[in-house]
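Data block below; observations after.
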Amino acid sequence: MIGKIECKRLILKPISLKQLEWIQNGGQGILMESVLSDTVKAAVSHKVERMRKAPKEAHPWLTYWMILEKDKKQGVGVIGSKYLPDEDGFVELGYAVAEERQGRGYMTEALLGFLDWLYEWPFCSGARLSIQRENAASVRTAQKCGFQYEKTENIYRIYTYIF
């Protein structure tokens, strides 16, 4: 697996298949408990399934990356792509941050760091976010990072970032 992404205050590290399985089976200590919403738990299950079937080279695209404060060992959030880039080169991203760490700009910093990593891959043209309409904090994060509103689908606002 790829080592890490270093940001100003944070380090992003890909979560291994073994660690995801640990989280899926109720293992604690890797991430702050409030990161593990029902949505994140469901995503972890999907990621485990996909990673079991995929070659290891694809794992950084299929896993969550743990967001760590530089001086801590427990993850304060997760970020990652939902799958490999589509035929147009766009990858859909998802992220979550612990309630106790919200309002500190961590997700903006992590998202910008992750975009820098994506930019290094020539087959990746950009990223998309599907954000629930009522999630104003996530919308602000997307806008701060340069994502542009594209359209609304069902309960989601779709934002796009083009490299």
Side-chain angles (χ1 to χ4, degrees), residues 1-16 19-20 22-23 27-44 46-47 59-85 89-121 124-163:
M1 272 235 185
I2 294 172
K4 63 182 176 182
I5 299 168
E6 198 155 338
C7 304
K8 184 177 178 182
R9 301 173 293 164
L10 307 170
I11 294 173
L12 312 181
K13 287 185 174 182
I15 302 173
S16 70
Q19 289 171 315
L20 281 179
W22 171 259
I23 293 166
Q28 299 191 3
I30 295 173
L31 295 166
M32 294 180 79
E33 191 63 33
S34 67
V35 174
L36 298 172
S37 66
D38 290 341
T39 302
V40 170
K41 288 177 184 176
V44 165
H46 288 292
K47 289 176 178 300
H59 285 192
W61 293 90
L62 304 176
T63 192
Y64 269 132
W65 291 58
M66 187 172 7
I67 302 168
L68 297 153
E69 295 166 310
K70 282 193 174 178
D71 58 341
K72 307 283 191 228
K73 294 190 185 217
Q74 189 178 42
V76 300
V78 292
I79 189 166
S81 56
K82 295 184 178 177
Y83 205 64
L84 299 168
F90 282 84
V91 64
E92 179 147 2
L93 304 180
Y95 51 75
V97 69
E99 291 174 17
E100 303 91 322
R101 297 299 192 272
Q102 292 176 0
R104 298 180 186 194
Y106 282 178
M107 193 48 64
T108 299
E109 185 175 332
L111 182 55
L112 288 171
F114 200 73
L115 289 171
D116 284 347
W117 178 77
L118 290 174
Y119 183 75
E120 297 296 321
W121 298 91
C124 190
S125 305
R128 287 201 176 88
L129 295 168
S130 298
I131 302 171
Q132 289 187 5
R133 288 185 221 167
E134 68 275 2
N135 192 342
S138 196
V139 168
R140 282 191 305 276
T141 297
Q143 291 170 336
K144 284 182 203 172
C145 292
F147 281 79
Q148 301 294 315
Y149 172 79
E150 183 180 333
K151 61 186 173 182
T152 299
E153 289 181 359
N154 301 316
I155 62 168
Y156 296 100
R157 291 181 182 157
I158 311 301
Y159 287 82
T160 304
Y161 184 94
I162 300 173
F163 296 132

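Computed from a prediction, not measured in an experiment: that's the story for all the values here.
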[atom1]-[atom2] distance between [X] and [Y], expressed to the nearest 0.5 angstrom:
| X | Y | atom1 | atom2 | answer |
| --- | --- | --- | --- | --- |
| M107 | I79 | CE | CD1 | 5.5 Å |
| Q143 | T108 | CD | OG1 | 10.5 Å |
| Y64 | S81 | OH | OG | 10.5 Å |
| M66 | I23 | CE | CD1 | 7.0 Å |
| I15 | L62 | CD1 | CG | 13.0 Å |
| C145 | R140 | SG | CZ | 12.5 Å |

Inset, instruction - Kindly indicate, with the supporting measurements, whether the criterion side-chain contact (heavy atoms from CB on, under 4.5 Å) is fulfilled by R104 and E69. - result: CA-CA 11 Å; R104 298 180 186 194; E69 295 166 310; 3.9 Å; yes
Least distance between heavy atoms, [X] atom then [Y] atom:
| X | Y | value |
| --- | --- | --- |
| L118 | A127 | CD1-CB, 4.3 Å |
| R128 | I158 | CD-CG2, 4.1 Å |
| C124 | V91 | SG-CG1, 4.0 Å |
| G75 | L68 | N-CD2, 3.7 Å |
| Y106 | L10 | O-CD1, 3.4 Å |
| P14 | T63 | CB-CG2, 4.1 Å |

Any chance [atom1] of [X] has more than 12 other-residue heavy atoms, nucleotides or ligands included, within less than 6.0 Å?
| X | atom1 | result |
| --- | --- | --- |
| N154 | CG | no |
| K73 | NZ | no |
| F163 | CZ | yes |
| Y149 | OH | yes |

Legend entry - Check against side-chain contact (heavy atoms from CB on, under 4.5 Å), L111 and L93: CA-CA 9 Å; L111 182 55; L93 304 180; 3.8 Å; yes
Donor-acceptor contact present, side-chain [X] to main-chain [Y], <3.5 Å:
| X | Y | value |
| --- | --- | --- |
| S34 | E99 | yes |
| K70 | K8 | yes |
| K13 | K4 | no |
| Q19 | I30 | no |

Inset, instruction - Give me the ring orientation class for F147 and Y161: parallel if the planes are under 30° apart, tilted from 30 to 60°, perpendicular past 60°. - result: tilted
Inset, instruction - Evaluate the ring planes of W117 and W61, with Trp represented by its six-membered ring, and classify them as parallel (under 30°), tilted (30 to 60°) or perpendicular (over 60°). - result: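 Geometry flag for W61 against W117: tilted rings.
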Inset, instruction - For the pair Q132 and Y156, evaluate side-chain contact (heavy atoms from CB on, under 4.5 Å) and give the outcome as yes or no after the intermediate values. - result: CA-CA 4 Å; Q132 289 187 5; Y156 296 100; 3.4 Å; yes
Inset, instruction - For the residue pair E153 and S130, confirm or rule out a side-chain donor-acceptor distance under 3.5 Å. - result: no
Inset, instruction - For D116 and I5, run side-chain contact (heavy atoms from CB on, under 4.5 Å): C-alpha distance rounded to whole Å, both residues' side-chain angles, the deciding distance at 0.1 Å, then the answer. - result: CA-CA 9 Å; D116 284 347; I5 299 168; 6.0 Å; no
